[in-house]
Amino acid sequence: MTSLGVKKQGFKKKLFTLLIAGAMLCSLSAPAGAIDFKVSGEWLVGFGAGTGELYSHYREPGNGPKQKTNSNDIFEANQRVRLQLDAVASEALSGTVFFEIGDQRWGMAEQGGALGADGNNVIKLKNAYIDWMVPETPLSFRMGLQAVALPNSAGGSAIMDADAAAVVANYKINDNVGITALWFRPVNDNFDTKYFTRNSDRAGYLDNMDLFAVTLPIILDGFEITPWAMYGMLGKNALRGLDSVNDEEPWETSDGILGLTIPGLNPGFNFADGNPLDSSSTGKAYGSMFWAGLPMAITIFDPLNIEIDLNYGYVEEMGRYDIVKRGNYNDMVRGSTQRQGWLAKALVEYKMEWGVPGIFGWYASGDDGNVKNGSERMPSIAGAGNFTSFIGDGNLAWGSFDDSCDWAMTYSGTWGIGLQLRDMSFIEDLTHTFRVAYWGGTNSPSMVKYMESAYSWREGYGGDGPYLTTNDGLLEFNLVNQYQIYENLELNLELGYVVNMMDQGTWQKSGYYDGQGNGKFEKQDAWKAQLTFAYTF
């Protein structure tokens, strides 16, 4: 059979499958006349240029050859489609399924963007849940894969804002007060002993992480506050699996690197024996996790808006590990996997006819320089800070090029202050938002002596972000322009620039001091320019 015949046969099979699926939907909808199907979605097509890397070249420890950071194209084109189908039986019962197609980089065969556009692994199920109410009560439930965001204000959630398998119960006490209870399971059944020769536990054994939260939203005239608390159980093998099978990478999901954001580890640590999540044994079956928050918004002084958010987090020690000090294997320290810390952030803005000027800031606890007592940075599950849009999530939360600066922002180990002019409009249907923010570090510079190389500060990409000491800093500029072409079509132009103020003198004190050299890096500024067409319905 010719290749053309194979393609035709494959097309016929796909067409036949679609026809069968359509017939099934029609047959299902016929007797269930009361079911109302609603479709919504989002198309993003973007063109971007830039580099998110904060250093251009590096040299490995041991006086290795000078190497470029990456070989990514400066310009890229991408697209993403999200489709949501709601099957609504009544106000008390409905079901939702939410698919995502992409991201698809134009020209990349693996993602279906090359000639023929027939990639395999581009369709993903993001959400699938049911909503229902207990008859004759104000108690409602949502069960299934869903978006889970802990209560937050002033810069987004630094602890959890991602998709997860969960059960959420809401009870409306009165018009001003409600209560929400939540159980979600971020990970389970990912541990396989064949990759871990040091561990004799059975596959899938004690590898679940379960979290239970209670929130109390209170809404008054001009004032909102939502105190909340969350307790978690961390199985001894919960962070052993998936990308850590090579004994090199921390436990990673599509929404964040839990191996960095939960235990008291630091990016770029000079571990003595491979992956510490494998080698740090413990006699505990489960460890405790705890978070609490107090977000509030004050609008009683309208047009003045004040938002404040306070957070605390703690993860119990689940074993210890050996870490090499200044590259000397005769000088090793037993580090702790305990992690606890806090974060305070605030936003003050004043609404005017032409826009909304404001000031924002945050301060998070940082490491004290002693690895024996763990980390003092606040732990998180999957943060999504949105004060800014380059080192953060503050615009479309989508990049149209390979942007290494697009971290899962948790603010851990940093402090910052910024100014913004939001939603400025001088022409109909055209708005602008400008931000400038300084990012500083709260981690002790003495932590550098435990790092593997002079560029270990950037190993937190996808987790907490860059590891900043009190000697380091970043200065970020954002300009977001939004033009409403039609009611459902937006043209979004984002410009961003990050001035690199990492202190090379501090980081030269890291790594190997046994005659091999500790590696070097040549820092550079990061920048991006992306044009995105967003169609929503």
Side-chain angles (χ1 to χ4, degrees), residues 14 17-45 79-104 121-152 156-157 160-172 175 178-186 213 215 217 219 253-255 382 384 386 393 396-398 484 486-490 492 532-537:
K14 292 179 181 178
T17 302
L18 289 173
L19 290 173
I20 291 296
M24 290 176 64
L25 283 175
C26 291
S27 64
L28 287 173
S29 60
I35 303 298
D36 183 16
F37 288 94
K38 299 179 180 179
V39 181
S40 59
E42 175 189 67
W43 269 262
L44 297 179
V45 177
Q79 69 179 57
R80 186 184 74 190
V81 179
R82 287 179 170 177
L83 295 174
Q84 177 172 320
L85 175 64
D86 297 295
V88 182
S90 66
E91 293 183 357
L93 176 62
S94 66
T96 296
V97 63
F98 184 4
F99 296 99
E100 180 176 275
I101 305 173
D103 294 348
Q104 290 176 285
N121 301 315
V122 296
I123 301 178
K124 295 167 283 188
L125 176 67
K126 284 188 66 67
N127 294 163
Y129 56 84
I130 58 173
D131 288 310
W132 64 280
M133 295 187 67
V134 178
E136 308 301 327
T137 73
L139 177 62
S140 62
F141 287 92
R142 174 169 290 183
M143 300 175 171
L145 298 173
Q146 57 187 284
V148 177
L150 292 172
N152 65 86
S157 175
M160 173 64 187
D161 187 353
D163 297 316
V167 175
V168 180
N170 290 288
Y171 187 86
K172 186 176 180 181
D175 291 339
I179 186 170
T180 299
L182 162 69
W183 164 57
F184 69 102
R185 171 167 279 187
T215 75
I219 302 175
T253 73
S254 60
D255 278 312
N386 59 21
D393 224 6
L396 292 174
W398 183 72
Q484 207 68 36
Y486 297 111
E487 181 180 355
N488 299 96
L489 180 63
E490 175 190 301
N492 187 292
T532 303
F533 294 84
Y535 169 45
T536 58
F537 64 93

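Note that the numbering runs from 1 along the sequence shown for the chain. Since this is a predicted model, take the numbers as computed values, not measurements. Heavy-atom basis, side chains included; hydrogens, waters and symmetry copies ignored.
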Heavy-atom count check: over 12 atoms from other residues, nucleotides or ligands less than 6.0 Å from F537 CZ?
yes
Main chain of V97, side chain of N127: is a donor-acceptor contact present, judged purely on distance under 3.5 Å?
no
Given 3.5 Å as the limit, does a donor-acceptor pair link the side chain of N386 with the main chain of G156, or not?
yes
Atom pair [atom1]/[atom2] of [X] and [Y] - distance to nearest 0.5 Å:
X	Y	atom1	atom2	value
Q484	N492	CD	CG	10.0 Å
R82	T536	CZ	OG1	12.5 Å
T215	L150	OG1	CG	9.0 Å
Y129	S94	OH	OG	7.5 Å
L44	R80	CG	CZ	5.0 Å
Y171	T137	OH	OG1	7.0 Å

What residues, two or more places apart in sequence or in another chain, satisfy salt bridge (charged side-chain N to carboxylate O under 4.0 Å, His left out) together with E490?
none
Excluding sequence neighbours, so at least two apart, what forms salt bridge (charged side-chain N to carboxylate O under 4.0 Å, His left out) with D163?
K126
Who pairs with M133 by side-chain contact (heavy atoms from CB on, under 4.5 Å), at least two apart in sequence or on another chain?
A92, S140
Using side-chain contact (heavy atoms from CB on, under 4.5 Å) as the criterion, list what pairs up with V148, not counting sequence neighbours.
Q146, M160, A164, A166, L182, F184
A side-chain contact here means heavy atoms from C-beta on lying under 4.5 Å apart; do [X] and [Y] qualify?
X	Y	answer
E42	Q84	no
I35	F37	yes
F141	V134	yes

Would you please name every residue forming a side-chain hydrogen bond (donor to acceptor under 3.5 Å, both in side chains) with W183, sequence neighbours left out?
D210
Just grab all the salt bridge (Lys or Arg N to Asp or Glu O under 4.0 Å) pairs involving residues 134-150, residues at least two apart or on different chains.
D131-R142
Quick one: are the ring centres of W43 and F533 less than 6.0 Å apart?
no
Side chain to side chain contact (heavy atoms under 4.5 Å, CB included) between F98 and L125, worked out:
CA-CA 6 Å; F98 184 4; L125 176 67; 5.9 Å; no
